[in-house]
Amino acid sequence: MREPWSKRPIVGFDTETTGVDAATDRLVTASVVVVDAGGVEKFYWLADPGVEIPLPAQNVHGISTEQAQREGEPIRKVLDEVAQILHVHMEQGHPIVAFNASFDFTLLENELARHDLPTLAQRLGRPIGPVIDPFMLDKTVDKFRRGKRNLETVARFYGVWNDDNFHNAEADVMVTLRVLGALLRRHPDVATENLDALMAAQLETYTDMTNYFARKALEHGRKPDVHVGWPVAH
């Protein structure tokens with residue numbers, strides 16, 4: 001019998017971008033943190049996205065257009081390197097952990113295609129996975145808890161908030177991994193659950209969430225802005 005997924009290397013992943021539309025916005029920074037029996041290995045990229053970084057995005061992550069142009073690596077190089085390391089771990093069945101994973105993976109796949117690079121799905125020859133999204137897992141195991149579920153709020157709920165520098169890709173990865181650890185301690189059955197079953201459960205939770213927001217939009221006379229699919233929305 002294979003060891004539980006929670007005993008395998010765990011790979012945290014996060015991005016910072018030019019905006020909040022995963023279909024059209026661009027990658028600015030990315031962080032990958034690999035945690036295994038040998039310790040912690042961190043990878044960080046700053047890219048020149050090739051477009052202006054709007055002020056609202058600069059105010060979130062602190063990277064200006066000028067800094068990205070001056071210090072960033074070419075966007076195609078960054079995208080390919082990020083995709084390569086995620087591909088290697090996914091091929092080995094190591095879960096990629098990302099908070100609100102549908103944003104990061106949707107953006108990454110669109111960016112890879114935009115720059116004529118193989119997408120993660122193309123590299124794998126199958127759908128993206130395994131993915132563990134503490135945002136979706138938290139909503140799965142504690143469906144009816146009231147209140148916000150952003151990263152800071154969830155980290156506070158699980159007692160692992162540590163005045164982190166949120167909206168810095170590496171800091172967000174580290175707190176996401178702490179949230180996952182705390183969630184698994186509180187719900188130890190999740191740590192031994194089959195990964196395929198967890199993927200299906202997270203997709204179901206994501207679908208329920210997007211359907212809820214679509215109904216609310218219709219109730220208020222707005223057109224639903226719903227993207228279907230997890231961890232890659234279309």
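No experiment lies behind these values; they were computed from the predicted model shown.
Both V175 and V11 are members of a single hydrophobic cluster when ILVMFWY side chains are connected at heavy-atom separations under 4.5 Å. Placement of M90 and I85 within a single hydrophobic cluster is found when ILVMFWY residues are connected by side-chain heavy-atom separations under 4.5 Å, directly or transitively. Both F213 and L203 belong to a single network of hydrophobic side chains, linked directly or stepwise wherever heavy atoms of I, L, V, M, F, W or Y lie under 4.5 Å apart. In terms of hydrophobic clustering, with Ile, Leu, Val, Met, Phe, Trp and Tyr side chains grouped at heavy-atom distances under 4.5 Å, V60 and L46 are assigned to different clusters. Note: the hydrophobic cluster containing L55 does not contain V51 (ILVMFWY, side chain heavy atoms under 4.5 Å, direct or indirect links).
For Q122, the CD atom sits in a packed shell: over 12 heavy atoms of surrounding residues, nucleotides or ligands are nearer than 6.0 Å.
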List the steps and the verdict of side-chain contact (heavy atoms from CB on, under 4.5 Å) for I96 and I132. CA-CA 6 Å; I96 310 300; I132 295 294; over 6 Å; no

side-chain contact (heavy atoms from CB on, under 4.5 Å) assessment of D104 paired with L108: CA-CA 6 Å; D104 298 289; L108 179 62; over 6 Å; no

Apply the test side-chain contact (heavy atoms from CB on, under 4.5 Å) to residues H187 and D189: give CA-CA distance (whole Å), side-chain angles for both, the deciding distance (0.1 Å), then the verdict. CA-CA 6 Å; H187 303 278; D189 54 315; 3.8 Å; yes

Show, in sequence, the C-alpha distance, side-chain angles and deciding distance for L137 and Q202, and conclude whether the side-chain contact (heavy atoms from CB on, under 4.5 Å) test is met. CA-CA 6 Å; L137 274 189; Q202 291 173 106; 3.9 Å; yes

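Using a 4.0 Å cut-off between charged nitrogen and carboxylate oxygen, R156 and E152 count as a salt-bridge pair. Residues R8 and D36 are not paired through a salt bridge, judged by the lack of any N-O separation under 4.0 Å between the basic side chain and the carboxylate.
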Without placing hydrogens or testing angles, list every side-chain donor-acceptor pair under 3.5 Å for residues 25-35, not counting sequence neighbours.
from : atom 1 : to  : atom 2 : distance (Å)
D25  : OD1    : T18 : OG1    : 3.1
D25  : OD2    : V20 : N      : 3.1
D25  : OD2    : D21 : N      : 2.8

Let me check something: any side-chain donor-acceptor pairs from residues 74-82 under 3.5 Å, sequence neighbours excluded? List them with distances.
from : atom 1 : to   : atom 2 : distance (Å)
R76  : NE     : H115 : O      : 2.9
R76  : NH2    : H115 : O      : 3.2
K77  : NZ     : E73  : OE2    : 2.6
K77  : NZ     : E81  : OE2    : 2.8
D80  : OD1    : R123 : NH1    : 3.1
D80  : OD1    : R123 : NH2    : 2.8
D80  : OD2    : Q84  : NE2    : 2.8
E81  : OE1    : W45  : NE1    : 2.8

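Nearest heavy atom pair, residue A68 against residue A47, reads CB-O, 3.6 Å. Between L183 and P134, the closest heavy-atom pair is CD1-O, 4.3 Å. The shortest non-hydrogen separation linking A155 to V179 is CA-CG2, 3.7 Å.
Annotation: side chain of F99 is in contact with side chain of V154 (closest heavy-atom distance under 4.5 Å). Using a 4.5 Å heavy-atom cutoff, the side chains of E109 and L120 are in contact. Considering only heavy atoms from C-beta on, M199 comes within 4.5 Å of W230 through its side chain. Between N211 and R215 there is a side-chain heavy-atom pair separated by less than 4.5 Å.
Of the possible donor and acceptor atoms, none in the side chain of D14 sits under 3.5 Å from a partner among the backbone N and O of V173. The backbone N or O of A101 lies less than 3.5 Å from a partner atom in the side chain of D133, making a donor-acceptor pair. Within the 3.5 Å criterion, the main-chain N or O of V88 finds a donor-acceptor partner in the side chain of Q92. Looking only at distances, no side-chain donor or acceptor of T106 sits under 3.5 Å from a matching main-chain atom of F103. No side-chain donor-acceptor contact under 3.5 Å links E71 to the backbone of Q67. A donor-acceptor distance shorter than 3.5 angstrom exists from the side chain of H61 to the backbone of T17, with no hydrogens or angles considered. Judged by distance alone, with hydrogens and angles left aside, the side-chain atoms of T140 form a donor-acceptor pair with the main-chain N or O of M136 at under 3.5 Å. One N or O on the side chain of T65 and one on the backbone of I53 form a donor-acceptor pair closer than 3.5 Å. Under a 3.5 Å cut-off, the side chain of R126 and the backbone N or O of G129 do form a donor-acceptor pair.
When only modelled atom types and interatomic distance are considered, Y158 and D138 share a side-chain donor-acceptor pair under 3.5 Å. Using modelled atom types and a 3.5 Å distance limit, the side chains of T205 and D208 yield no donor-acceptor pair.
In this structure, the separation between CE on M209 and NZ on K139 is 6.5 Å, given to the nearest 0.5 Å. The distance from atom CG of N100 to atom CG of D172, rounded to the nearest 0.5 Å, is 11.0 Å. Rounding to the nearest 0.5 Å gives a distance of 6.0 Å between CG of L198 and CG of L195.
Taking the centre and axis of the six-membered ring of F157, the NZ or CZ atom of R145 falls inside the cone set by 45° and 6.0 Å.
Annotation: ring pair (Phe, Tyr, Trp, His ring centres under 6.0 Å) contacts involving residues 72-95, sequence neighbours excluded, comprise H89-H94. Within the structure, the ring pair (Phe, Tyr, Trp, His ring centres under 6.0 Å) test picks out the following pairs touching residues 3-39 (sequence neighbours left out): F13-F105.
With sequence neighbours left out, E219 forms a salt bridge (charged side-chain N to carboxylate O under 4.0 Å, His left out) with K216. Considering only residues two or more places apart in sequence or on other chains, R186 meets the salt bridge (charged side-chain N to carboxylate O under 4.0 Å, His left out) condition with none of them.
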